Number of protein chains: 2
Amino acid sequence: MTSLVRSVSESTVRRLSLYLRTLERLQAEGAETVASGDLADRAGTTAAQVRKDLSSFGSFGTRGLGYRVGPLHARIREILGLTRPWRVVLVGAGRIGSALFAYPHFRERGFRIEAILDSDPAKIGGVWEGVTIQSAAHLEQVLARAEAEILILAVPAGAAQELAERAAAAGVRGILNFAPVRLRLPDEVEVNNVNLAVELEALSHALVLAEVQG
Amino acid sequence: MTSLVRSVSESTVRRLSLYLRTLERLQAEGAETVASGDLADRAGTTAAQVRKDLSSFGSFGTRGLGYRVGPLHARIREILGLTRPWRVVLVGAGRIGSALFAYPHFRERGFRIEAILDSDPAKIGGVWEGVTIQSAAHLEQVLARAEAEILILAVPAGAAQELAERAAAAGVRGILNFAPVRLRLPDEVEVNNVNLAVELEALSHALVLAEVQG
DNA sequence: GCTGGCTTGTGAAAATCTTCACAAGCCAAG
DNA sequence: CTTGGCTTGTGAAGATTTTCACAAGCCAGC
């Protein structure tokens with residue numbers, strides 16, 4: 001049996017996520033179909049790029065008409081692994097952790113934060129929307145009980161590596177890492193790093209460049 | 001006069017930011033020099049990549065020895081535009097805004113959040129570390145008074161476009177956008193989008209792929 | 001049923017990015 | 001001063017990504 005989900009490039013995957021959001025907006029507007037050019041404009045890319053991206057997992061469009069919004073939305077959800085819920089544990093109940101816990105788009109997409117951990121005694125025992133903050137010392141037990149597949153790591157740089165290693169050993173399969181360090185983990189653990197300083201610095205670089213070049 | 005800051009690819013810029021952080025760690029460890037291989041290991045790339053990245057803005061290394069940590073650090077700061085402070089205004093005093101305001105790495109790098117705005121009357125008038133939250137209705141005046149160059153946009157998707165347009169018209173040069181929408185703005189305004197849902201969805205895609213492919 | 005106007009899907013070309021491989025060169029030791 | 005061991009800088013090769021351009025094909029209207 002050939003897989004329903006083929007390998008797609010990293011940049012294509014990220015664009016698919018943008019297309020998904022755009023398609024939801026189109027659905028809300030009642031659109032039945034959308035042409036690659038329209039989807040591209042709304043998602044900030046080009047028509048050719050959209051068609052290439054979509055063609056990498058089969059023909060979904062109709063010539064002369066475009067893509068049917070509903071089926072395309074369903075197919076992208078499938079590609080991105082969003083047709084089933086994911087069990088997530090959040091480590092770090094600081095400000096970033098708090099923002100992520102409350103981020104509505106995560107739960108909309110089926111990412112369920114089953115538990116919250118922190119190492120600060122002042123935070124342990126606190127309750128966020130019915131979820132009690134537990135001690136990070138119990139990481140392994142919490143992960144096992146929750147059968148967590150994904151860890152969101154929102155802790156200071158100094159604590160990240162150790163917690164990530166323990167989570168990996170406890171069987172977590174993917175980590176979304178907000179700590180500004182490169183985690184060294186076994187290859188079978190997927191890591192996606194989000195570094196806010198990098199984002200701001202990329203912006204300041206662009207501004208300096210614009211100054212110099214006009 | 002040739003520019004001190006040449007055009008470098010987007011991915012190189014992002015890696016430079018990682019190198020910068022690594023160099024700071026090396027400085028703290030008291031290292032005088034670092035070889036491309038070592039820098040690569042710590043930053044999560046390859047020695048050849050490091051050398052290519054660095055060679056794009058001049059020869060800085062010494063054969064047989066490596067790169068001198070201090071001067072390289074200084075040069076990368078210059079490339080990234082971090083040798084002078086940036087005046088930043090934060091729009092959105094929700095959870096993400098709160099996390100960004102408190103994020104220590106921003107102020108360490110010279111990004112100064114001069115003002116905070118929100119449109120929620122319940123938040124306006126509140127004070128965060130001495131900064132009073134003002135009404136988003138006064139966006140233009142606040143930007144002008146602060147002489148803000150960068151806007152951090154941490155508002156719901158529905159409010160982002162209008163605020164971004166107003167900020168652009170008021171002369172902001174760069175926007176770090178956390179709202180999950182594509183902003184349509186004049187070309188001279190630099191926009192860097194951070195979409196947390198994309199990050200988590202890229203991770204879930206990778207996990208599904210790993211399941212299917214072994 | 002035929003025609004005209006769109007739009008897809010996709011090979012090929014172009015552009016970009018990464019890796020390779022090695023000459024050039026520096027330092028330290030003797 | 002010379003030798004040996006490293007490491008840079010960089011053209012060239014390789015890989016990947018994006019853009020181009022157009023044949024193929026669908027729909028609506030007549």
Side-chain angles (χ1 to χ4, degrees), chain A residues 6-19 22-23 26 31-73 75-76 79 182 198 202 205-206 209, chain B residues 6-19 22-23 26 31-76 79 182 193 198 202 205-206 209:
Chain A
R6 308 236 191 97
S7 178
V8 185
S9 89
E10 173 72 16
S11 28
T12 294
V13 168
R14 301 177 76 89
R15 282 192 300 267
L16 287 179
S17 176
L18 297 176
Y19 301 157
T22 304
L23 289 168
L26 284 163
E32 284 281 321
T33 62
V34 62
S36 58
D38 189 12
L39 192 47
D41 284 349
R42 292 167 177 259
T45 178
T46 66
Q49 185 76 81
V50 166
R51 294 201 299 275
K52 248 318 189 239
D53 285 340
L54 300 185
S55 79
S56 63
F57 53 92
S59 292
F60 250 69
T62 306
R63 292 169 195 225
L65 195 64
Y67 300 87
R68 300 215 296 134
V69 172
L72 183 58
H73 178 265
R75 188 74 179 93
I76 294 180
I79 303 286
R182 178 72 39 173
V198 169
H205 168 76
L209 208 64
Chain B
R6 307 237 191 98
S7 179
V8 185
S9 88
E10 174 72 16
S11 29
T12 294
V13 169
R14 300 177 76 88
R15 281 191 299 268
L16 287 179
S17 177
L18 297 176
Y19 301 157
T22 304
L23 288 168
L26 284 162
E32 285 283 322
T33 63
V34 61
S36 57
D38 189 13
L39 192 48
D41 283 349
R42 290 165 177 259
T45 179
T46 66
Q49 184 76 79
V50 166
R51 294 202 299 275
K52 252 304 193 250
D53 285 340
L54 300 185
S55 77
S56 62
F57 52 93
S59 293
F60 252 67
T62 308
R63 292 167 195 227
L65 195 63
Y67 300 88
R68 299 216 296 134
V69 172
L72 183 57
H73 179 264
R75 189 73 179 94
I76 293 180
I79 301 286
R182 177 71 39 173
N193 295 292
V198 170
H205 168 76
L209 209 63

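Quick caveat, the model's predicted, so the values are computed rather than measured. To find a chain, count down the sequence lines: A is the first, B the second, and so on, and within it residues start at 1.
When each of B:Leu54, B:Leu72, B:Thr12, B:Leu26 is checked for a side-chain contact (heavy atoms from CB on, under 4.5 Å) with B:Tyr19, only B:Leu54 meets the rule.
Partners of B:Arg63 under the side chain to side chain contact (heavy atoms under 4.5 Å, CB included) rule, at least two apart in sequence or in another chain, do not exist in this structure. Every salt bridge (Lys or Arg N to Asp or Glu O under 4.0 Å) that A:Arg15 has, sequence neighbours left out, goes to A:Asp53. With sequence neighbours left out, B:Glu32 forms a side chain to side chain contact (heavy atoms under 4.5 Å, CB included) with no residue at all.
Within 4.0 Å of B:Ser9, counting heavy atoms only, lie sugar-phosphate atoms of the nucleic acid but no base atom.
Shown for residues 43-51 of chain B: residues whose heavy atoms fall under 4.0 angstrom of DNA chain D, namely B:Arg51.
Residues B:Leu16 and B:Ile76 approach most closely at O-CG2, 3.6 Å, considering heavy atoms. Closest non-hydrogen pair, B:Tyr67 versus B:Phe60, comes out as CD2-C, 3.8 Å.
On the nucleic acid side, DNA chain C contacts chain B at distances under 4.0 Å to non-hydrogen atoms, with the end points of that region at C:dC17 to C:dC26.
For CZ of B:Arg14, the number of neighbouring non-hydrogen atoms (other residues, nucleotides, ligands) closer than 6.0 Å is greater than 12.
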Between the protein and nucleotides 26-30 of chain D, are there any N/O to N/O pairs under 3.5 Å, and if so, what are the atom names and distances?
from: D:dC26; atom 1: O4'; to: A:Arg63; atom 2: O; distance (Å): 3.4

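Using a distance-only test at 3.5 Å, with no hydrogens or angles considered, a donor-acceptor pair links the side chain of A:His205 to the main chain of B:Ile79.
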